[in-house]
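In what follows, chains are A, B, ... by sequence order, proteins preceding strands, each numbered from 1.
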Number of protein chains: 2
Amino acid sequence: MKLSTKGRYGLKAMFDLAIHDGEGPIPLNSIAERQRVSEHYLEQLVAELRKSGLVKSVRGAQGGYMLAHKPAEITVGDIIRVLEGPLGPSDCVLEDGPVLCDNADHCITKIVWEKIQVGISSVIDTITLQDMLEDYKKIEN
Amino acid sequence: MKLSTKGRYGLKAMFDLAIHDGEGPIPLNSIAERQRVSEHYLEQLVAELRKSGLVKSVRGAQGGYMLAHKPAEITVGDIIRVLEGPLGPSDCVLEDGPVLCDNADHCITKIVWEKIQVGISSVIDTITLQDMLEDYKKIEN
DNA sequence: AAGAATTCCTATCATTTTACTTGGGATTAG
DNA sequence: CTAATCCCAAGTAAAATGATAGGAATTCTT
């Protein structure tokens, strides 16, 4: 019941981009260094974030990545869903087309999984990068 | 971000035991059959539940397993924690002794993981097997 | 006492997932 | 031109998952 490094590194990278929002393209190696993760590995994660439209890229020298939207418009849920796939503690409650078992109608554990899913979603869908930035400013001062 | 079959099968088995609570020892093969999971695999999960004190066992013929406490006294969280290990979306917020990174004090993503953890815990720690039994009775009628 | 039912224990194993690493190609600012 | 940077595709070692196999220990029933 843990997130993989994809989700964790991905959120770190996105938060890093949020901190530098408005400064033009941020090269990946600087993000990797600050967040202390493998640059090549991070590259794969950012590629997914780019394909899903959360970040934009600028190629060539002095290029890099930047947020595709304002920090207030990107939630933690957006990021995690891209990197970890459809959310849900069990296949039968996956957000993205549940795989129902044969007695789904009478399955009591399913009710539990649904409640867990709602609990997680209600957290990650209400935290934006902007919220994280504000927490960050508080701590810095 | 999914539970493994351990947690899922384990909760099913515990719910099955709750349904038959008070009927004496329930043999594992009957649980495996009703819940449609491998008996041998289930055995491993139930062994962990026994060691952690959630179920009792009676050996020998006519033996089996039974809940060690009343259904109202066992939460979903108790069961999942035994089978899935200490809860938390990231190592730095594991319930059972977090593994702190070097800038834990200034880590903003950590705040997010903590909120997710609280969200999950508040769900699974408030649902008991008794609650599930009541849902079950409603559906049956 | 025999035999059947059942838990208990240890080991093995195939598959999948994770978390990278490697190596190179394409693009562009200076 | 060249250095910086993104882009892409494979490969890979380790861990986790989800079992399977076989048998020893215990206890009920007859």
Side-chain angles (χ1 to χ4, degrees), chain A residues 1-13 16-17 20 23-33 35-52 54-68 80 83-86 89-91 99 101, chain B residues 1-13 17 20 23-33 35-68 80 83-86 89-91 99 101:
Chain A
M1 199 57 179
K2 260 183 16 188
L3 283 170
S4 70
T5 54
K6 282 192 178 184
R8 289 185 280 126
Y9 293 2
L11 181 58
K12 280 184 171 222
D16 195 286
L17 285 179
H20 299 97
E23 301 177 13
I26 309 296
L28 202 56
N29 59 21
S30 73
I31 301 176
E33 201 172 328
Q35 305 300 327
R36 291 178 190 130
V37 299
S38 149
E39 182 183 344
H40 255 309
Y41 185 48
L42 193 53
E43 193 178 292
Q44 292 169 40
L45 310 186
V46 174
E48 294 188 62
L49 293 168
R50 183 179 55 83
K51 281 171 200 157
S52 69
L54 291 179
V55 304
K56 288 182 296 190
S57 65
V58 178
R59 300 186 70 169
Q62 318 310 318
Y65 294 93
M66 42 216 283
L67 296 182
I80 290 182
L83 295 170
E84 301 275 338
S90 174
D91 283 336
V99 181
C101 62
Chain B
M1 199 56 181
K2 260 181 17 186
L3 284 170
S4 69
T5 54
K6 282 191 179 183
R8 290 186 279 127
Y9 293 2
L11 181 58
K12 280 184 172 223
L17 285 179
H20 298 97
E23 300 177 14
I26 310 297
L28 204 54
N29 59 20
S30 74
I31 301 176
E33 201 171 327
Q35 304 299 328
R36 290 179 192 130
V37 300
S38 148
E39 182 184 344
H40 255 310
Y41 185 47
L42 194 53
E43 191 179 294
Q44 294 168 39
L45 311 186
V46 175
E48 295 188 61
L49 293 168
R50 183 180 55 83
K51 281 172 199 157
S52 69
L54 290 179
V55 305
K56 288 182 296 191
S57 64
V58 177
R59 299 186 71 166
Q62 318 310 317
Y65 293 93
M66 43 216 282
L67 296 182
I80 290 183
L83 296 169
E84 301 275 339
S90 174
D91 283 335
V99 182
C101 62

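Spacing between atom CG of A:Leu42 and atom C1' of C:dT21 amounts to 14 Å, rounded to whole angstrom units. Per the geometry, NE2 belonging to B:His40 stands 16 Å off P belonging to C:dT12, to the nearest Å. Atom CG in A:Leu28 sits about 15 Å away from atom C1' in C:dC20, given to the nearest Å. Straight-line distance from the NZ atom of B:Lys56 to the C1' atom of C:dT7: 16 Å, rounded to whole Å. In this structure, B:Gln44 atom CD and C:dC9 atom P are separated by 13 Å, rounded to whole Å. We find that CD of A:Glu39 is positioned 14 Å from C1' of C:dC20, with the value rounded to whole Å. If you measure from atom NZ of B:Lys51 to atom C1' of C:dC8, you get 9 Å, rounded to the nearest angstrom. Between B:Leu45 atom CG and C:dC8 atom C1' there is a gap of 14 Å when expressed in whole angstrom units.
Remark on DNA chain D: of its neighbouring residues B:Ser4 and B:Gln62, the 5'-side contact belongs to B:Ser4, judged by nearest-heavy-atom nucleotide. Across the interface with DNA chain C, nearest-nucleotide mapping of B:Arg59 and A:Gly60 shows B:Arg59 to be the residue nearer the 5′ end. Between A:Ala61 and A:Tyr41, the residue whose closest nucleotide on DNA chain C is further toward the 5' end is A:Tyr41.
Across all strands shown, A:Ile26 has heavy atoms under 4.0 Å from sugar-phosphate atoms exclusively, and none from any base. At a threshold of 4.0 angstrom between heavy atoms, the contacts of A:Val46 with the nucleic acid are absent.
A donor-acceptor contact under 3.5 Å is not formed by the side chain of A:Glu43 with the base of C:dT21.
Along DNA chain D, read 5' to 3', the first and last nucleotides having any atom under 4.0 Å from a heavy atom of chain A are D:dA4 to D:dA10.
Contact detail for A:Lys56 and A:Leu67: the closest heavy-atom pair is CE-O, 3.8 Å. Scanning both residues, B:Arg50 and B:Ser57, for their nearest heavy atoms gives CD-OG, 3.3 Å. Of all heavy-atom pairs between B:Glu84 and B:Ser4, the closest is OE2-OG, 2.8 Å.
Residues meeting the ring-ring contact (aromatic ring centres under 6.0 Å, His included) test with B:Tyr65, sequence neighbours left out: none.
Other residues, nucleotides and ligands place no more than 12 heavy atoms under 6.0 Å from the CD atom of B:Glu33.
Remark: B:Leu28 CG to B:Glu43 CD distance equals 6.5 Å, nearest 0.5 Å.
Contact between the side-chain N/O atoms of B:Asn29 and the OP1/OP2 oxygens of C:dT6 is found at a separation under 4.0 Å. Put simply, A:Ser38 has no side-chain N or O that comes within less than 4.0 Å of OP1 or OP2 on C:dA19.
The closest donor-acceptor contact from the side chain of A:Glu39 to the backbone of A:Ala32 lies at 3.5 Å or more, if one exists at all.
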